[in-house]
Amino acid sequence: MVATVPVAVAALLAAASPASAGTIGSAGAGDPYFPLAGNGGYHVVHYDLKLHYDPETEHLDGTAVLTARATQRLTRFDLDLDGLKVTGLTVDHVKAGYRRDGQELVVTPRTALPGGREFRVTVTYSGRPGPVTDPDGSLDGWIPTSDGAFVAGEPQGAMTWFPANGHPEDKSSYDFAITVPEGTTAVANGVYLGSRTAGGRTTFRWSQPEPMAAYLATATVGKFQVQQYTTRDGLKVFNAVDPREASAAARVLKKLPSVLEWESKLFGPYPFRAAGAIVDHAPKVGYALETQGRPLYDSAPSVSTLVHESAHQWFGDSVSLTRWKDIWLNEGFATYAEWLYAEQHGGPSAQKTFDDLYARRAGDSLWAFPPGDPGSGENIFAAPVYNRGAMTLHELRRAVGDPVFFRILRAWAACHRHGHGTTGQFTALAKRISGRNLDGLFHTWLYGRGKPDRP
Ligand code: ARG
Ligand code: ZN
């Protein structure tokens, strides 16, 4: 006899295996580290976000228009939205049913959506957005500042300011129109389309045409000094800098074109048509984020942080994760870019950086877990992911030699450009291009417990 499955268990099953979900889109993308992040049953092709934000009252009004494609027949599907109040919701311009369930906004369209159908969801919402606290205790999402908001969504904060399919497995193009009080600037991703001021408010328009994961979207608001120029390569640069950080930032930001040029030589063509930086003054944040095309810094960055966030444009932004477990593909690569930059610009060799790290005693937190298997969302931004991830690439470089190593990095960026890549795909590519059996190396450095034996 088949027992009735309790509702909570059924929901878990649906979240765990989208294939078994029937006509109900699952509540998560199936990522064990963040089970409710993302959703099943559809792909968002495009987000059109219209936001009004008042830094004084910290009030946000939003209209999000999502153009999506059903990947299965859908009688119901979820969006991720944390906090805020939904004031209206239509599917294909027809009022749809909806309810809130934690971070899930559960939508029931008037009529079922056939698999393959493109549909449009319009959500109007408002409230006072705030960040989420991540498993490691850090904040991400909409983080109010003294003059606006620092908006960074890795890994799960996109849902704090727009209804999203909030997992990097789903990538989409974006348009933004952000209205703020006159004198304040709103900076998002991609190409700046201009601003218009009326009645004491200014609307800033932005367009991000290349596919972007929701966590890389930003709509950072503040009193910024703006600098715009076009590089020799025809890349449009838009920098926004908090005046309190301006003098420290200027020295570093003037290197942005040369850093991007240097990285383009190593990794292949820069993947986006716009670039720049947002340098905010957000002391309680404690990190920078590689927001697509225009990294976001909580204070004036060092050159190596600039190099790191820029390298993410290739590794993390253009080539995205399918699972958070593979985070070393982002952080290990961006960290190794820092080592390479130092090596080629009068700093220590990558070998020296490796050796200094390797000298750490066996009980050091660097060896707490292997980078290929962080174990939980709590560990995704910890030292083993960044440093031992970079050490893995260094060992690969030593094993195959510089020409082959850089060929592998360029092939990785090229083959998965504007798409996704997994650890398994990377190790297979490295083996194929080098013609070497690298199983032992990857096994030791990516998956071995504790401190690896001396290489
Ligand atoms: N990816 C960022 C970096 O470049 C780190 C983001 C950290 N996010 C967080 N919620 N702690 O290193
Ligand atoms: Zn990083």
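We count ligands from 1, going down the list as the structure has it; atoms in each ligand are counted the same way. Computation of the quantities below employed the complete heavy-atom set of this structure, encompassing side-chain atoms and omitting hydrogens, waters and symmetry-equivalent molecules. Residue indices begin at 1 and follow the sequence shown.
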* To do: Decide salt bridge (Lys or Arg N to Asp or Glu O under 4.0 Å) for Arg397 and Asp402; before the verdict, give the C-alpha distance in whole Å, the side-chain angles of both, and the deciding distance to 0.1 Å.
  => CA-CA 6 Å; Arg397 178 182 171 198; Asp402 278 14; 2.8 Å; yes

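- Within 6.0 Å of CZ in Arg205 there are 12 or fewer heavy atoms belonging to other residues, nucleotides or ligands.
- Protein N/O/S atoms closer to the Zn ion (ligand 2) than 2.8 Å number 3 in this structure.
- Cation-pi geometry between Lys451 and Tyr358 is met: the NZ or CZ atom falls under 6.0 Å from the ring centre, inside 45° of the normal.
- Heavy atoms of Ala334 found under 4.0 angstrom from ligand 1: none, in either backbone or side chain.
- For ligand 1, the polar-atom distance check against Asp140 finds no nitrogen or oxygen pair separated by under 3.5 Å.
- Tyr386 OH, 2.6 Å is the protein heavy atom nearest to atom 12 (O) of ligand 1.
- No more than 12 heavy atoms of other residues, nucleotides or ligands shown are found within 6.0 angstrom of NZ on Lys255.
- For the pair Arg232 and Glu261, the salt-bridge criterion is met [side-chain N within less than 4.0 Å of a carboxylate O].
- Under a cut-off of 6.0 angstrom, the local environment of NE2 in His443 is sparse, with at most 12 non-hydrogen atoms contributed by other residues, nucleotides or ligands.
- By the 4.0 Å N-to-carboxylate-O rule, Glu56 lies too far from Arg128 to be salt-bridged with it.
- Counting non-hydrogen atoms of other residues, nucleotides and ligands closer than 6.0 Å to CZ of Arg69 gives a total of 12 or fewer.
- Atoms of ligand 1 lying under 4.0 Å from any heavy atom of Ser138, numbered from 1 in the order shown and given with element: 9 (C), 10 (N), 11 (N).
- In this structure, the side chains of Phe176 and Phe204 stay at 4.5 Å or more apart for every pair of heavy atoms.
- If you check which protein heavy atom lies closest to atom 1 (N) of ligand 1, you get Glu154 OE1, 2.6 Å.
- Applying the 4.0 Å criterion to heavy atoms of His308 picks out, from ligand 1, the atoms 3 (C), 4 (O), 12 (O).
- The atoms of ligand 1 that sit less than 4.0 Å from any heavy atom of Glu290 are 1 (N), 2 (C), 3 (C), 4 (O).
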